[in-house]
Every structure is written in C-alpha cells, then in structure tokens.
Amino acid sequence: MSYDAQEVETRWQKIWADTGAFEADADPSKPKFYCLEMFPYPSGSMHMGHVRNYSIGDAMARFHRLMGRNVLYPMGYDSFGMPAENAAKKEGGHPHSVTHRNIASIRADQERMGYSYDWRRFLATSDVDYYKWNQEMFLMLNERGLVERRMAPVNWCVDCDTVLANEQVKNNRCWRCGLEVVQKDMAQWFLRMTEYSDELLDDLDNIAFPENVKAMQRNWIGRSHGAHIDFPVSNSKAVIGAFTTRPDTIFGVTFITLSPEHPLCGELCAGTEWEANWRELRDECARMSEFERINMLKEKKGVFLGRHAVNPLSGEVVPIYAGNFVVASYGTGAVMAVPGHDQRDYDFAKRYGIEIRRVLVEKADDDSNAPLNEAFEGYGPMVNSGCDGFDGIAGDAAKDAVIAALEKTGAGHGKVEYRLKDWLLSRQRFWGTPIPMIHCGSCGTVPVPSADLPVELPLDVTFSEEQSGNPLASHDTFVNTPCPSCGGAARRETDTMDTFYDSSWYFMRFCDANNDSTPFNREIVDYWMDGGVDLYIGGIEHAVMHLLYARFFTKATRDAGLNEIGEPFGTLVCQGMLNAPAPFCTNCNAEYHVDNFGGDCPSCGKPLGTRSAKMGKSLGNTVSPGDMVGKFGADTVRLFILFGANPEAGMDWSDSALEANYRQINAVIDAVGSAQAMESSPGIMDEWLNARLRVNQSIWREVMESVSLREGVMISHFGMLSDWNWYRRRGGCDRETARAFLEGWIPMLAPATPHIAEEFWHQLGVQGLLAEHALPDITDSSNDAPVLAREAYLRNIITSARNLRGLAERHTEKEISQVVIQTAPAWKSALARDAIRLESEGFDFKVEGQTHLQSLDIFQNEALRGEIFQTWMALTTGSKKKRGRIHTWSDGERAQIFSGIDETGTIAANSEFIANALEVSSIEVYPVGEGEDIGGKAQVAFPLEPGISFL
RNA sequence: GCAGGUGUACCCGAGUGGUCAAAGGGGUCGGGCUCAAGAUCCGAUGCAUAGUGCUUCGCAGGUUCGAAUCCUGCCACCUGCACCA
C-alpha cells in the first residue's frame, strides 16, 4: 500500500493547529516538562541540521505529552544580527523586512515537518516587544553595578565592522566570518560576568551537561589559585605586581619578565640605551598576526630593560626583562621567572645566560644542588631558600608558608586569577538592541529612564552597499535627544547589544511570552524553569558562548529577584554533526566540492575517493529538507533522522537509508492495515502478542526517558513490527488482540512519525487526538516470562535446525525431506531441575557438586555415568568459555524446565509450522529412547535443546 | 603540550565481566509471492563443522575460572584550549 504523505501530513497539521493541541499553560497541579531547542537565526530556509535538532526535540516533547506531562515546547527566532543587515544593504531594503520574510519562510518549513510547537509563544528578538525587555533588564543590570563602560583593548573584525567578545574569537579569527581580528583601543560597554566566575565554575559540577561542554567551560573560566607578589624596582618607587601559581618557587626567581605592552616597560627604560630594543619588541608584538605569532612564539625572545627588582622575601636583586611570551591581559602582565621550575623560563634563561637555580627537589633526600637539565615543574620539598623556615616543606604547605610570609610583610597575598573576562557587550552595528544610554556633555553617561523605553530602532533608514559604519550614528533624530537628567542637548549611544544578549534569557521569556508589563512573571517562570529547562538541544558550537552567557544571565536575574532558579538548563544534549559524502583525496587529506565527484584531485591529480564530511555549503554536500519532504513526506525524514543515530552521535546522510525508512513506514502501514482487518479467532498466540507488547512498552518508556531515541525507534518502528509479523506467521488472527495491540503500538509511533500515528489513531476510532492523549500506566508484565519462553523455544529450535540443515545437506545425496527430533531424556530434565533447585538455594557447585551428583540414584547406572557427568557439568559449572546452563537460562526457561515442559508435545503441536520453516515435508518427534536413535543424536539432546537429524 | 572524546564485521552503528560470533539498519546474496517489475514476507551474510570448535571488537601486555567490556602502556583519529605565569 502506498499513502499520500502530503495529504495525510498537512491534514493533521491543520487539525492540530486548529484545535490548539500543543498549547500549554502553567499549571502547578501537573508535572511539567520544558523541551527547548536552541532557537534559530532565521536565514531563509530550514536546513538539515535544523531538521535534526527539531526532530529530536519534537519526538521528546510528544513523548512527554504521552507520559501525561504538561509540556512547554516553544519556538522563536534569534533574529537580530548581521546577515539581515548585510542582506538589506544588498537589496536596498531594511533588515526588519528581510528578517520577517525569512521568518515566514523558515516557520513554514517547520510547520510542514509537523513540529508540535505552541506557536502562541512565538517571538522574534528583533521585534520591539522583545528587545524593549532587553533594555529594561539592561537598566536593571546597570543598577546592580554589572554594567560598565571602559576603555579597553578590544577585538575588532574589519569585515563585520564591529568589536567582538572574547568568546567570539576563535584562533584569533571572528567566529562568524573567519577573518582575523585586530586589536583596537575603544570605549566599550561591558557586563561584569567575572563577578560570577566562581559560581559559573563551581555549579558545573551539578548540572547535566555533556563532559566536553563542561570541560570547555572550565577551561574557558580558567580559575587558578596562587599569589600576587610585589617586586619593588630598585632605585625607584615603582612596584611590579606579578601573579604566580607557584609561590613555593619564589626563591628560584632569577629575573622578572614583563609583557612588552606593560606600562612600566617604557617608564623603566625611558631615555636609556635599552629603550630602542624594547620599542622594537613591543612594536613587533603589536603587529604580529596570528600565524606569525605561533611561529615566533616557538622562539622565546626578550630584551633587558636595564633595571632590577627586589625579591621581597630574599631581598635578592634580579634583572627585569620584557618578553614576547608574556600576555598583557592575563594576571598583571608580569611574571616572576623561575627557570629551575618552569620550562618556559628555563628556555629563556638559557638563551640569555641567566642563572638557573634549584629550589625544589623531587624527593626529600635528593641532592639539593643537583644540576637541572630541564625545568622540574612538579612539586617537591623546598631547598636553597636562603631564609629560615622553608626548606623541607612541599606542595600546598610550601605555597601557604610563602603566602603567609608575604602577607606578613605586606609584599603579597594569596590570589585567585581567572581567564574569564567581562562580557564585551557593545557592537557597532545597526541590527541589534540599542543600548539605552545617553551621553550628556554636562551629566556624563546617563541611563534612559525606564519610562522612556523602548529606545526603538528607526525604520526610516535606507541601507546600501556603499555605506559603511553604523547607520544609527548618522541618524539625527535617533541620536539627538535631551539629557534625561539636565534636559540639555545630548546624544544617544549608537552601539547596539551583542545578539548573544538576546538569547541569554529567551528561555524565560518563552514561559510568559505575551506578558506586556514585565519581561516575565516570576511565578510562571519558576514553574516552567524549575530544575532548568528539562531538555535543551542544540549544537556544541555554543559551548562557551551562548551557554555561558545564559548561565550568567540566569544567575544575575536570580539575584535581582526575577526568578529563583540559578541554572537555566537541566539536561543538555548537543546533537551530533550531520555528514554527507564528499569527494576526498587521501593523498592530500583534503575534501572537495561535490562538483569534483568522479574526477581527479585538483591539487595532486590523483583520482578522488569519497569520504563523509560535515554537510555544508562550502562542499555542496547538502540535502534540502524541502525536497526530501516533498518526495517521502515529513514522517519518513523524521524517522530517518532519529533512526540514523542517537542524538549526540554524528550521522551520515544516506539516500538508500532514507528510502529504506520509507519502506519501513509502508511496512508499518501495511501491518496496521492487516491488524484492522482481523477476523475474530482467538488462539494461542494472542497471549504471546500481549506479552510482547508489555515488554516493548516498558523498555520503550525507559529508553525514551533517557533520550535514547534510536533505541526507542528501534522498538516502536522495527521491533513491534517484527512481533506483529511473527504473530501472524504463527497463525495469530484475533480482532480483539489486534486492537489491543494497536492501541498500545500506535502511540509509540507518534514521537517519531506523528502524522501516520494520528491517522491510525483516527482509523481506530478512538475519541480525541493522539497528540493530546496521555498513556495509562503500564500493565504488569511479571507473568509474561513463560509465554515468551514458549515462543523463544520454538524459534531456537528452528534456528538451530536451520543451521544444521546446511550441514546435513553436505552429508546426504538425497533431497532432505524429513526431520527427526529427539527431546532430552527424562533423567536429563530431572538433573536440570535438580540443578536449578540447588542453585536457587545457594548451593556451591564447585565444592559440593560432584559429591551431590554421586549421591543420586541415577548415577548408579554405569552405562550412563559418563553422559551423566557431562550433562551435570554442562548444567552447573560449564566449560572454560561457556557458563553452566543454570546461569544462562532466562527466568522463563528456568520456569519451563522446572515445571516440566512437555517438549515433545510442544514440538508435535507445532510440527506443521516447524516443517514449513525448515522446508521439510514431515517431522517426527519423541523423547530419547522412545524411538530409534537417528544419527546418534540422543547424546546431544539437552533440556530445551533437542537432538535434531535430517533425513 | 593540556583537556574531553572516539576506535566493534563490507558500511553505519548497539553493546550492564559470563546468556557474545556480538542487537538493529544499510548493502549484498538466496528464497516465497507475482505473467513480470516494484512493494512486502522469509532466510543467509568471519572460518570450520551433522550441533558443542577456531579466530575476531585499534595494537601490546595485565587482572580474572572467564574480557569487546576492568587495569597499564602505545598507536590513530576527532573536538576544544594553548608560552595563562
């Protein structure tokens, strides 16, 4: 049977929308589930990466609705940002219209996929009814002292014409366009995220983020414990403050290194013979590109500044250098150099002939004067301190002792340093939230009063490719405004906010998206956000950007009393990459555009092979979701995506796999059709099918709860189908049973393939929509083992007989036509029962097994003694590779044996079926000894594993 | 260099110390159905073998009665950070 996916899917989509099936409101009497995907930037149409993201989310949202939870599942658009501004320039329009055109397009794509969003909560961050709350909260942050405007060296992207935050610079390149960033000194707006450094770091221990995301955030925050030490400059009032994580090596300091940009450098060497060298080094570092820097930094280079500093503990005088490897922005931009115990300083000291001194040994009794061939960077007892009270102590105790000594003399103190910087918020672009600040010549910088919000982006701006800079700056009516404080002429801030600000709280806005008096109602947010968003799905690329900003924002708003939760996301799932084949040259280890398929490598000329590579425009190995939906329907695409790989794993696009999933959908449709057309004829298989349903249901629920969607789909779309097929093959044909099976099965189909599931539900004639249906509690399946074991017994016999048939064919000239099955003799079954019983009583077979066996009556039968012994061992201890059967039998099998299953009778009752499966015309079955021992198989016969011979 | 991760059959991918020659899918091969094709259904897919045997889960060792699973070392690949003091 084929079905019209387009008709079925769009019909149900309309019904779901018309009935408001997915609309959810806060209701403290119900358990909630907040399912959220990282909302998209609306860039025209939806791509396969989106499809994967949302198909995972939608399946989970639908699953949790089935489980009776109140599910919040919203969708909106992160619609501020440069692409719309650039597009507007290109076409001479306004970013606002570009954005809304794109939103309409991507939303239509999403709707066609059947995603179950509560569209009442739609939001676009570039709409003033969203970004006015950005401004409102900015004022709140400002009042709480978390906003700061300061002059700072910042990362500037020439291409994007704006500054970037630290998090947005990857390998010295802009995260968006890939162009190298340059350093500029500018007055900029910052959010003081570093106020939350410790909390951001420590809370990572308690949230369910993937390990790699946590590692990246820890790395990014980069907390290190150490000491701040002041080194006075000889013959000067100047003091060099240095941060070190190794105060225990302070007596090994033989020089001080400043970053070339350090303000003291110029001061120290001004007017001396050393000044020229320093200027040269400083200028060299300033113009270094990333590429050059990596190359140059292999070479540690420095210049002496002509002055000396005093070690505050030892009083020793050491030279001061400027070094190219010292980073100005970390710590104080000054390093106390300990060449004996820091490899970098060691290399530097070697090069410039500076003393290398050992002040730590590895073990207590090591020679304290042993020469160092490389820096010893580990911890060990202090030596050669030159001061009393330090030699011999090691590690943290040593650090603490040095810090205590420093604090006593006021020369330093314990200090924690972070790599994390404050969040540089301002952008010199138009398409973002205007920063609600006003610059007044007499009052300084004044916040826009809350009552005057929003500061709206003007719509009467024309964009063209010729213009550069921020159009806001030249928009007179925007810029010129009276000062809210003195009423005099003033100018508006024309910088706008980083778009990551928008996404730092949208998950809270979604909870109460239509609130027009506050950003959101606290109670509503506390309901939906309790424990964080229950499932947050998105790409790993935001590990240290969005995910860190959002965590900061949630904590800051919590402290402002806007919400009570401190962490925004409970479980985070980062979906894996979507790959597709691309031409690949093994020789050059390079991938090429799909246009090169079948050709030769453009660089080395060798024939190109194929490799799976991340789907993307640059390789052209993309697949259009729209095309696939048009061809196979949304359900097939969704099934393919979910079945292709578990959410976190990478997955490969495959046309043949997609088609296979389409066939699977058709098979399911056929099966459901056959189930609906059943006669009423109860039989032995009904009980089995019911049992299988119960087993599958409980596993399914378990794996779905843990977001193992692939396993879930395997059960719902593959396992259930094969069970149904087996039922029918075995003669199952009962209307009542089939209906019960469908009532259990169809809801399981809904998370991945909601449209066909809803269609089936409708065909069943159940009241109400499946989309709104909640599943009843699971029925008890504790008594299902025997009936499942019975079927498993037959399947095992058929499987092993099939294998044997192949062998048998080689040993006989004639066509095989008959099977003789000899079931285990009564004494073997009796032994098996005995072993099972003893095992349940905790009997120790290793110690007492043989004695027990010899005490049995049957053991007196000398003719059988060898076989009895073998059987006993196979039952109890097993062999080196195989455990005894009493350990490997399932509960059902044990029950079968213990209750004395009539193997002969079972096989005889199903002989026709077995004969068909084995393609033989007749089956003979009897217990060993009650007929001829055909082929000597009596010996092989074992409980549940009869001897089988082909004739 | 540091951190996180990965390595399973032709391919993709499951895999709690024993029920693992290893789920499921793709592909391939064979069969049933069909006038035929497609769809669907059934079966096979490491080697050997009239059944309990051998070899295999990146490589090499080890722990264990028993290892794909635990430990150690190494190799390869991916991701992130990187003279961060």
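Note that this is a predicted model, so its numbers are computed, not measured.
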Return the value, rounded to whole Å, for the distance between atom [atom1] of [X] and atom [atom2] of [N].
| X | N | atom1 | atom2 | answer |
| --- | --- | --- | --- | --- |
| A/I240 | B/A85 | CD1 | P | 19 Å |
| A/N661 | B/G26 | CG | P | 8 Å |
| A/D345 | B/C83 | CG | P | 15 Å |
| A/D652 | B/U6 | CG | P | 18 Å |
| A/I256 | B/A85 | CD1 | C1' | 11 Å |
| A/E659 | B/U28 | CD | P | 11 Å |
| A/F325 | B/A82 | CZ | C1' | 15 Å |
| A/R218 | B/G80 | CZ | P | 19 Å |

Distance, [atom1] atom - from [M] to [N], rounded to whole angstrom:
| N | M | atom1 | result |
| --- | --- | --- | --- |
| B/C20 | B/C54 | C1' | 15 Å |
| B/A14 | B/G58 | P | 14 Å |
| B/C75 | B/G66 | P | 29 Å |
| B/U79 | B/G73 | P | 25 Å |
| B/A9 | B/A60 | P | 16 Å |
| B/U8 | B/G15 | C1' | 9 Å |
| B/C11 | B/U19 | P | 25 Å |
| B/G5 | B/A85 | C1' | 29 Å |

Would you indicate what [X] reaches in the nucleic acid, counting non-hydrogen atoms under 4.0 angstrom: base, sugar-phosphate, or nothing?
| X | result |
| --- | --- |
| A/G226 | nothing |
| A/V326 | base |
| A/T332 | nothing |
| A/R805 | nothing |
| A/P946 | base |
| A/A808 | base |
| A/I948 | base |

Does [N] have its OP1 or OP2 closer than 4.0 Å to a side-chain nitrogen or oxygen of [X]?
| X | N | result |
| --- | --- | --- |
| A/R663 | B/U40 | yes |
| A/N725 | B/C41 | yes |
| A/R419 | B/A82 | yes |

How are the rings of A/F718 and A/F643 set to each other: parallel, tilted or perpendicular (split at 30° and 60°)?
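If you compare the ring of A/F718 with that of A/F643, the planes turn out parallel.
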
Using 30° and 60° as the class boundaries, would you call the ring planes of A/H228 and A/H413 parallel, tilted or perpendicular?
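If you compare the ring of A/H228 with that of A/H413, the planes turn out parallel.
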
Of all the nucleotides listed (B/G25, B/C41, B/A14), which has the minimum atom distance to the side chain of A/F643?
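Output: B/G25.
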
Check step by step if side-chain contact (heavy atoms from CB on, under 4.5 Å) holds for A/N212 and A/I540.
CA-CA 9 Å; A/N212 55 342; A/I540 185 80; 3.5 Å; yes

If one requires at least 3 consecutive Watson-Crick or G-U pairs with distances under 3.5 Å, the stems of RNA chain B turn out to be B:1-7 with B:75-81, B:10-12 with B:24-26, B:27-31 with B:41-45, B:58-62 with B:70-74

